[in-house]
Amino acid sequence: MAGNFEDIAKQFVDFYYNTFDTNRPALGALYRDQSMLTFEAGAVLGATGIVEKLTSLPFEKIKHQIATLDAQPSNEAGGILVLVTGALLIDEEQKPMNYTQSFQLVPEGGSYFVFNDVFRLVYGA
C-alpha cells in the first residue's frame with residue numbers, strides 16, 4: 001500500500017484547491033510533461049498546456065468547497081487515486097456549481113505529481 005494514502009490524498013487536495021483558488025499559475029509544479037488534464041471533455045497534455053488551460057478559465061475569483069474525498073492505492077508503484085466532489089463559488093455568484101474531479105497521483109522523489117486530472121461540472125437532472 002502507498003503508506004497512509006488517505007492522509008496524503010487529503011493533504012494534496014487541500015494544497016491543490018488552496019493553490020487553485022489563490023495562485024493558479026503555481027499549479028504547474030504539480031504536473032509533468034506526461035500529465036494529462038481532461039476539463040469538461042477537452043484533453044490537454046503536459047504541464048505547460050495544463051497551466052495555460054487553468055489560468056485561462058473565465059473568472060477572477062473562485063472558492064472550492066469540498067463535499068467528499070475518496071482515495072485508494074492505485075498501483076504497485078505507490079500511486080493514489082483520488083475522487084473529489086464539491087461546489088464552486090465563482091466571482092460574485094451566490095449559487096454554487098457542483099463538480100467532481102479525480103486525480104491519479106504518482107510518487108516521485110519522496111513526493112507526488114498529478115499524472116491524470118479529470119474535472120467535470122455536475123448539472124442537476
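The model shown is predicted, which means the values in this text are computed figures rather than measured ones. Values below: every heavy atom of this structure, side chains too, minus hydrogens, waters and symmetry copies.
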Which pair of non-hydrogen atoms, one from [X] and one from [Y], has the smallest distance, and what is that distance?
| X | Y | result |
| --- | --- | --- |
| Ala87 | Asn98 | CB-OD1, 4.0 Å |
| Pro58 | Asp91 | O-OD2, 4.4 Å |
| Ala77 | Pro107 | O-CG, 3.0 Å |
| Val82 | Ala9 | CG2-CB, 3.8 Å |
| Lys10 | Asp14 | NZ-OD2, 2.8 Å |
| Gln34 | Leu45 | O-CD1, 3.8 Å |

Test log, rule side chain to side chain contact (heavy atoms under 4.5 Å, CB included), inputs Phe15 and Leu30:
CA-CA 10 Å; Phe15 178 80; Leu30 299 176; 4.0 Å; yes
Do you reckon [X] sits in the same ILVMFWY cluster as [Y], going by side-chain contacts under 4.5 Å, direct or chained?
| X | Y | value |
| --- | --- | --- |
| Val118 | Tyr16 | no |
| Ile62 | Phe103 | yes |
| Tyr112 | Leu69 | yes |
| Val51 | Leu105 | no |
| Tyr17 | Val122 | no |

By the ring-ring contact (aromatic ring centres under 6.0 Å, His included) test, which pairs, at least two apart or in different chains, include something from residues 22-57?
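Non-adjacent pairs meeting ring-ring contact (aromatic ring centres under 6.0 Å, His included): Phe39-Phe119.
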Okay, side chain of Asn75, backbone of Gly78: is any donor-acceptor separation there less than 3.5 Å?
yes
Test Leu89 against Gln65 for side chain to side chain contact (heavy atoms under 4.5 Å, CB included), laying out the working first.
CA-CA 8 Å; Leu89 290 169; Gln65 297 175 329; 3.4 Å; yes
Atom [atom1] in [X], atom [atom2] in [Y]: separation rounded to 0.5 Å?
| X | Y | atom1 | atom2 | answer |
| --- | --- | --- | --- | --- |
| Ile66 | Gln101 | CD1 | CD | 10.0 Å |
| Ser35 | Asp117 | OG | CG | 9.0 Å |
| Phe5 | Ile80 | CZ | CD1 | 8.0 Å |
| Ile50 | Arg24 | CD1 | CZ | 15.0 Å |
| Asn4 | Gln11 | CG | CD | 8.5 Å |
| Phe20 | Leu88 | CZ | CG | 8.0 Å |

Side chain to side chain contact (heavy atoms under 4.5 Å, CB included) with Val84: of Asp70, Val13, Thr100, only one passes, and it is Val13
Compare all side-chain heavy atoms of Ile90 with those of Met97 and state whether any distance is below 4.5 angstrom.
yes
Do the non-hydrogen side-chain atoms of Lys53 and Leu37 ever get within less than 4.5 Å of each other?
yes
Show which residues join Phe113 in its hydrophobic cluster (side-chain heavy-atom contacts under 4.5 Å, direct or indirect), or state none.
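The other cluster members (ILVMFWY side chains, heavy atoms under 4.5 Å, direct or chained) are Val106, Phe115.
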Run the numbers on Tyr99 and His64 for ring-ring contact (aromatic ring centres under 6.0 Å, His included), then give the verdict.
CA-CA 9 Å; Tyr99 75 95; His64 289 80; 5.5 Å; yes
Short side-chain donor-acceptor distance under 3.5 Å, Thr85 and Thr68:
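The answer is yes; a qualifying pair exists.
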Within 6.0 Å of CD in Glu40, more than 12 heavy atoms from elsewhere:
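For Glu40, atom CD is crowded (more than 12 foreign heavy atoms under 6.0 Å).
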